[in-house]
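The next block holds one structure in the form of structure tokens; read it before the comments.
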Amino acid sequence: MEQKHLDLLNSKEFKRLVKKRSIFCISGAIFIAIVYFGFMLFIAFNKKFMATTISDSLTISIPIGIGIILLAWIMTGVYLYWANNTYDSEVKNLINKLND
């Protein structure tokens, strides 16, 4: 049984799945980091624009910040959708190979 585990860990399918998941997760994390730090840099270097009022007590930075929070939720949903519909089925296939 131990040899099956080692064979699975060394298989092309397992390595491909690990690589696929890593690329998906790292890409998403980099995207969110760029958006978040871009927002911080925009605040630091373009204060005049970010202080622009769009109503009596609301500046443009508030809706942009809320948009970034919503984007993080959407990205989480995208990951969950991908994991539930693609990744999990591939993991089940590998587990079935291990149990055979």
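Scope of the values below: all heavy atoms of this structure, side chains included, with no hydrogens, waters or symmetry mates.
- Between T52 and T59, every side-chain heavy-atom pair lies at or beyond the 4.5 Å cut-off.
- With T53 contributing its side chain and D56 its backbone, the two residues share no donor-acceptor pair below 3.5 Å.
- Shown here are the side-chain contact (heavy atoms from CB on, under 4.5 Å) partners of I34, two or more places apart in sequence or in another chain: I30.
- Put simply, the side chain of E90 reaches to within 4.5 Å of the side chain of K20, judged on heavy atoms.
- In this structure, N46 CG and S61 OG are separated by 11.5 Å, a value rounded to the nearest 0.5 Å.
- Hydrophobic clustering, defined by side-chain heavy atoms of Ile, Leu, Val, Met, Phe, Trp and Tyr closer than 4.5 Å, groups M40 together with F31, I32, V35, Y36, F37, F39, F42, I43, F49, M50, I54, L58, I60, I62, I64, I66, I68, I69, L70, L71, W73, M75.
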Stepwise, does the side chain to side chain contact (heavy atoms under 4.5 Å, CB included) test hold for N10 with F14? CA-CA 7 Å; N10 293 322; F14 181 76; over 6 Å; no
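- Under the 4.5 Å side-chain criterion, counting only non-hydrogen atoms from C-beta, W82 is in contact with R21.
- A donor-acceptor pair under 3.5 Å links the side-chain atoms of S89 to the main chain of T86, judged by distance alone.
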